[in-house]
Amino acid sequence: MGRSHVMDFDFQLPDLSDELTRLLRQIPAGRVTTYGDLADALGLRTAARWVGEFMRVHEHASSCPCHRVVRKGGELGLYRRDRPLDEKLARLACEGVEVTQGVVEDFDEIVFRRFRSKQPLARLIEIQLELADRVRTKRLAAMPPIAAGFDVSYAVNGTAVGGCAVVETETGELVWSATHRVATTLPYIPSLLTFRELPAILALAKQVRRQFPALKLFLVDGNGLLHPRGAGVATCFGVIIDVPTIGVAKSQLCGQLDNALPPIEGCRPLSVEGKTVGADSCGRRP
């Protein structure tokens, strides 16, 4: 687990590769499990896609039990990208697992789901919910003279590169900028992007607040309240640094356009369960 200390927020990011390897070792010979079951053991079903990607590229030893992972319903699925599928079939057969036309026989009887796990992703969700409970929304009395914007990109080696630009809100003129590099320990998992990007942008926020202690508006490339748990990266960031923050997302993670609600500064409101949590710019650009 890698611990991050930024601002007043102290959190642990799990090493998912290590956690998943531990889970794989728990699958008994002669049994199989699924990508989704492994994701559930990590604490979030939507991590199943990442589990599948890990299976194809992980470090593979002769004793590796990854051949025991199949698709939902017992479909054989893929194997490591540098290993033939016949090898997966042969290893399962040696353990007494029969496969007919690409499907594991007696799947419901031999599927294994009783993992011992601390469910690390479930803990990250708990942190999101804790931060969401601390959200306060309030209209700004006036537009601040300057604002800071944050974004994160990723190098080929997986390094996260956070960028920050402080601009004049009236003219858009650049006042100050900085970047910060940090190794990423968490893969992309839908609804948990927050924890992949927070380390980079929180480190930048620390620099910004030293340079501009009176700065009162931050914008983050990502969702804010428009999130399944109301805790997108912008929401969590804003709560942690206790400064008004707006999420500016490239895509709609959840919610729906609600034309029954009044426009917001000429934009169409986005709602979740009837509550306005964002706005669609309808293609407008600043």
Side-chain angles (χ1 to χ4, degrees), residues 2-13 124 127-128 130-155 159-186 192-227 230-251 253 264-267 276-279 281 284-286:
R3 183 176 293 276
S4 295
H5 298 275
V6 187
M7 303 296 184
D8 62 345
F9 188 50
D10 181 11
F11 62 99
Q12 287 186 315
L13 291 179
L124 296 184
I127 293 173
Q128 284 182 317
E130 291 167 6
L131 292 171
D133 283 342
R134 292 166 52 187
V135 170
R136 302 189 310 274
T137 57
K138 183 179 179 181
R139 181 181 290 274
L140 291 174
M143 179 65 72
I146 58 174
F150 296 85
D151 196 1
V152 179
S153 62
Y154 296 90
T159 299
V161 184
C164 174
V166 177
V167 300
E168 295 179 351
T169 54
E170 185 173 343
T171 66
E173 290 294 321
L174 181 66
V175 176
W176 180 89
S177 65
T179 60
H180 181 78
R181 293 175 177 268
V182 61
T184 54
T185 59
L186 200 70
L192 290 179
L193 178 66
T194 295
F195 298 99
R196 184 168 166 83
E197 302 204 335
L198 272 179
I201 62 175
L202 285 174
L204 280 169
K206 195 171 184 179
Q207 295 181 42
V208 174
R209 299 193 77 179
R210 284 198 300 264
Q211 293 287 330
F212 306 93
L215 200 152
K216 296 297 183 184
L217 179 60
F218 287 44
L219 288 84
V220 175
D221 180 23
N223 284 278
L225 295 177
L226 190 61
H227 180 275
V233 60
T235 296
C236 296
F237 175 84
V239 170
I240 292 165
I241 66 172
D242 195 25
V243 168
T245 303
I246 299 172
V248 185
K250 299 183 183 74
S251 59
L253 180 62
I264 303 172
E265 300 294 333
C267 298
T276 301
V277 291
S281 65
R284 295 173 60 216
R285 299 183 66 87

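This is a predicted model, so every value here is computed, not measured.
Rounded to the nearest 0.5 angstrom, Leu204 CG and Phe237 CZ are separated by 8.5 Å. With rounding to the nearest 0.5 Å, the separation of CD1 in Ile241 from SG in Cys236 is 12.0 Å. With rounding to the nearest 0.5 angstrom, the NE2 atom of His227 is 8.5 Å from the CG atom of Leu193. Distance check: Thr235 OG1 to Asn223 CG gives 8.5 Å after rounding to the nearest 0.5 Å. Atom-to-atom distance recorded for Ile246:CD1 and Leu219:CG is 5.0 Å, nearest 0.5 angstrom. Separation of atoms CD (Glu197) and OG1 (Thr194) is listed at 8.5 Å; rounding is to 0.5 Å.
Every residue meeting the side chain to side chain donor-acceptor pair (under 3.5 Å) condition with Asp221, not counting sequence neighbours, appears here in chain and number order: Lys250. Glu170 meets the side chain to side chain contact (heavy atoms under 4.5 Å, CB included) test with no other residue; sequence neighbours excluded. Not counting sequence neighbours, Arg210 has no partner by the salt bridge (Lys or Arg N to Asp or Glu O under 4.0 Å) test. Partners of Thr171 by side chain to side chain donor-acceptor pair (under 3.5 Å), not counting sequence neighbours, listed by chain and number: Glu168. Taking Ser177 as the reference, nothing meets the side chain to side chain donor-acceptor pair (under 3.5 Å) condition, with sequence neighbours excluded. In this structure Glu130 satisfies the salt bridge (Lys or Arg N to Asp or Glu O under 4.0 Å) test together with Arg123, sequence neighbours excluded.
Of the possible polar contacts, one joining the Thr245 side chain to the Val243 backbone as a donor-acceptor pair under 3.5 Å is found. With hydrogens and angles ignored, the 3.5 Å screen pairs a side-chain donor or acceptor of Arg196 with a backbone N or O of Leu186. In this structure, Thr169 contributes its side chain and Pro145 its backbone to a donor-acceptor pair below 3.5 Å.
You'll find the side chain of Val166 stays beyond 4.5 Å of the side chain of Gln211, heavy atoms only. At least one side-chain heavy atom of Leu140 sits less than 4.5 Å from a side-chain heavy atom of Pro244. Contact check for Leu198 versus Ile240: side-chain heavy atoms found under the 4.5 Å cut-off. Residues Val175 and Phe212 meet the side-chain proximity criterion, which asks for heavy atoms closer than 4.5 Å.
Ring geometry for Phe150 versus Phe218: interplanar angle under 30°, hence parallel rather than tilted (30 to 60°).
With salt bridges taken as basic N to acidic carboxylate O contacts below 4.0 Å, none links Arg134 and Asp242.
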Inset, instruction - Test side chain to side chain contact (heavy atoms under 4.5 Å, CB included) on Val152 and Ile201 and set out the steps. - result: CA-CA 7 Å; Val152 179; Ile201 62 175; 3.5 Å; yes
